[in-house]
Amino acid sequence: MCRNIKTLFNFDPPATEEEVQAASLQFVRKLSGFQSPSKANEEAFGRAIREVTAAAQTLLDSLVTNADPRNREVEIERARTRNAKRFGSGED
């Protein structure tokens, strides 16, 4: 799907409104194919972002798990390790 959309569920602290909105923006951009819409599509683009944000927040608020919350710093370090392994460390 879209590599820029990050998992937002089960983190401590929980995802912020800004993180949910940013993921929604990336999703709408991916679906529409627009980085930024034309003036003619601006209203529809903005409405879609608001609606996707609301749906995503409802989903996140409704999900339940028995797993311990994930630590953001640990997940960031894991991602860095995966990226270094995949793309090289860049320290040649």
Side-chain angles (χ1 to χ4, degrees):
M1 177 71 185
C2 185
R3 294 173 196 238
N4 294 333
I5 299 175
K6 307 298 181 205
T7 300
L8 299 177
F9 177 61
N10 198 28
F11 278 101
D12 188 29
T16 65
E17 287 181 33
E18 291 79 20
E19 289 172 312
V20 176
Q21 195 273 340
S24 300
L25 172 61
Q26 289 298 319
F27 182 73
V28 171
R29 284 177 172 168
K30 185 69 170 186
L31 286 180
S32 69
F34 299 133
Q35 177 67 20
S36 60
S38 65
K39 289 289 183 191
N41 293 319
E42 198 168 42
E43 183 180 333
F45 196 82
R47 183 175 55 250
I49 293 168
R50 289 188 299 276
E51 290 174 358
V52 170
T53 300
Q57 190 64 62
T58 299
L59 172 65
L60 291 172
D61 292 343
S62 300
L63 294 173
V64 295
T65 184
N66 292 328
D68 291 331
R70 293 179 282 180
N71 182 296
R72 290 180 187 277
E73 287 75 28
V74 170
E75 295 300 321
I76 289 169
E77 190 55 41
R78 285 181 184 160
R80 283 188 185 126
T81 302
R82 279 191 309 271
N83 287 337
K85 188 175 186 179
R86 183 175 181 190
F87 301 112
S89 63
E91 298 176 5
D92 293 327

- Measure from the side-chain N and O atoms of Asn10 to the backbone N and O of Asp68, and report whether any donor-acceptor pair falls under 3.5 Å. yes
- Message: Once rounded to the nearest 0.5 Å, what's the spacing between atom CD of Gln26 and atom CG of Leu31?
- Response: 11.5 Å
Set of side-chain contact (heavy atoms from CB on, under 4.5 Å) partners for [X], sequence neighbours left out:
X: Arg47; result: Glu43, Ala44, Arg50, Glu51
X: Ser38; result: Ala40, Asn41
X: Ser36; result: none

- Counterpart residues, salt bridge (charged side-chain N to carboxylate O under 4.0 Å, His left out), relative to Arg72 (two or more places apart):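 Listed in chain order: Glu19.
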- Query: Tracing side-chain links under 4.5 Å among I, L, V, M, F, W and Y, which residues wind up in one group with Phe11?
  - Reply: none
- Note on the structure: Grouping ILVMFWY residues whenever side-chain heavy atoms fall under 4.5 Å, the cluster of Val64 otherwise contains none
- Message: With a 4.5 Å cut-off on side-chain heavy-atom distances among I, L, V, M, F, W and Y, is there a chain of contacts connecting Val20 to Leu25?
- Response: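 Hydrophobic grouping puts Val20 apart from Leu25.
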- Are Leu59 and Phe27 connected in the hydrophobic side-chain network, where two residues link if heavy atoms are under 4.5 Å apart?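 The answer is no; the residues belong to distinct hydrophobic clusters.
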- Query: Less than 4.5 Å apart, any side-chain heavy atom of Glu75 and any of Thr7?
  - Reply: no
- Message: If the test is side-chain contact (heavy atoms from CB on, under 4.5 Å), which one of Arg78, Glu77, Lys85 qualifies with Thr81?
- Response: Glu77
